[in-house]
Participant: 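This is the structure I have questions about; it appears just below.
Starting from 1, each residue takes its place in the sequence as its number. Every value quoted in this text rests on a predicted model; they were computed, and no experiment measured them.
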Amino acid sequence: MNRALRRPDAVLVQAVIAGALSFAHLHDLAAAAGQSGWKAWAYPVSVDLLLVAAWRRLRIGRDGASWTWFAIALAASLGANVATAGLLDLDHVPAWLRILVAGWPALAFLGGTLLVHAPRPDASPEDPAPDREPAAPEVEMHRTDTTPGPVPAPAELAPAPVKPPTPVPAVPAALVDHARSIADAYRKSTGEPITADALTAQLGLPAPTCQAIAAQLELI
């Protein structure tokens, strides 16, 4: 591991050289645009910081804002390198470049603020936790593995007792003839057939006997 640390890294050396040259070119361009003293040294720091912030944001998640500010910072660095390569007269800097250099601090501050405080592209809003967990629905469990038992047969209804018929008393023939004579006499005197109630009243016999006589005489 110590041997690896002692061995120079070509990429790291190249990065140091590129950074130093770009830093110097930005300083020279800012000084030519009217920014003297420490202000000329602050411009390359501002450009490199915006470039680093955009690159870090790109590593987290590639969104449009990160690419935009990375391109702006890269254009400022490359523009300073090209401008100081002899294509621009640093003794007579045009007015638009002076305006651009003067407005760079505000632009870099805006880009850095948006890159740092904007939500990350892969961050999703947290779902609000529910107040209460919904209760699980009650499920009725019916067993289907049980064999149903035999269904008891309905109890047979006992037949209603049959009421024995009322015995009809035997009526002597003489008593029937006597009742017929009473009925004939009643018909002759009233002109109407005698009723069962009237015959019962005249005979003075028990009701079953009178009813049997009335049935034989076919009285109402």
Participant: Show the nearest heavy-atom pair for residues F23 and W41, with the distance to one decimal.
Facilitator: CE2-CE3, 3.4 Å
Participant: For S66, is there any backbone N or O sitting under 3.5 Å from a side-chain donor or acceptor partner on R57?
Facilitator: no
Participant: Would you find more than 12 non-hydrogen atoms of other residues, nucleotides or ligands less than 6.0 Å from R56 atom CZ?
Facilitator: no
Participant: Following the transitive rule for hydrophobic clusters with a side-chain heavy-atom cut-off under 4.5 Å over Ile, Leu, Val, Met, Phe, Trp and Tyr, establish whether L51 and L78 coincide in one cluster.
Facilitator: yes
Participant: Enter the distance from L100:CG to L107:CG here, rounded to the nearest 0.5 Å.
Facilitator: 8.0 Å
Participant: Taking it one step at a time, do Q35 and Y43 satisfy side-chain contact (heavy atoms from CB on, under 4.5 Å)?
Facilitator: CA-CA 9 Å; Q35 308 296 326; Y43 274 88; 3.5 Å; yes
Participant: Do L29 and L97 pass the side-chain contact (heavy atoms from CB on, under 4.5 Å) test, and can you show the C-alpha distance, the side-chain angles, and the key distance before you say yes or no?
Facilitator: CA-CA 9 Å; L29 183 62; L97 184 57; 3.7 Å; yes
Participant: How many angstroms lie between atom CG of L114 and atom CZ of F109, to the nearest 0.5 angstrom?
Facilitator: 9.5 Å
Participant: With a 4.5 Å cut-off on side-chain heavy-atom distances among I, L, V, M, F, W and Y, is there a chain of contacts connecting W96 to W104?
Facilitator: yes
Participant: Using the side chain to side chain donor-acceptor pair (under 3.5 Å) rule, collect all pairs that involve residues 73-82, keeping only residues at least two apart or in two chains.
Facilitator: S22-S77, H25-N81
Participant: Please tell me whether L26 and V16 are part of a single hydrophobic cluster in this structure, the criterion being side-chain heavy atoms less than 4.5 Å apart.
Facilitator: no
Participant: Tell me whether S189 contacts the main-chain N or O of A185 through its side chain, where contact means a donor paired with an acceptor under 3.5 Å.
Facilitator: yes
Participant: Determine, using the 4.5 Å side-chain heavy-atom cutoff (strictly less than), whether L58 and L49 are members of one ILVMFWY cluster.
Facilitator: no
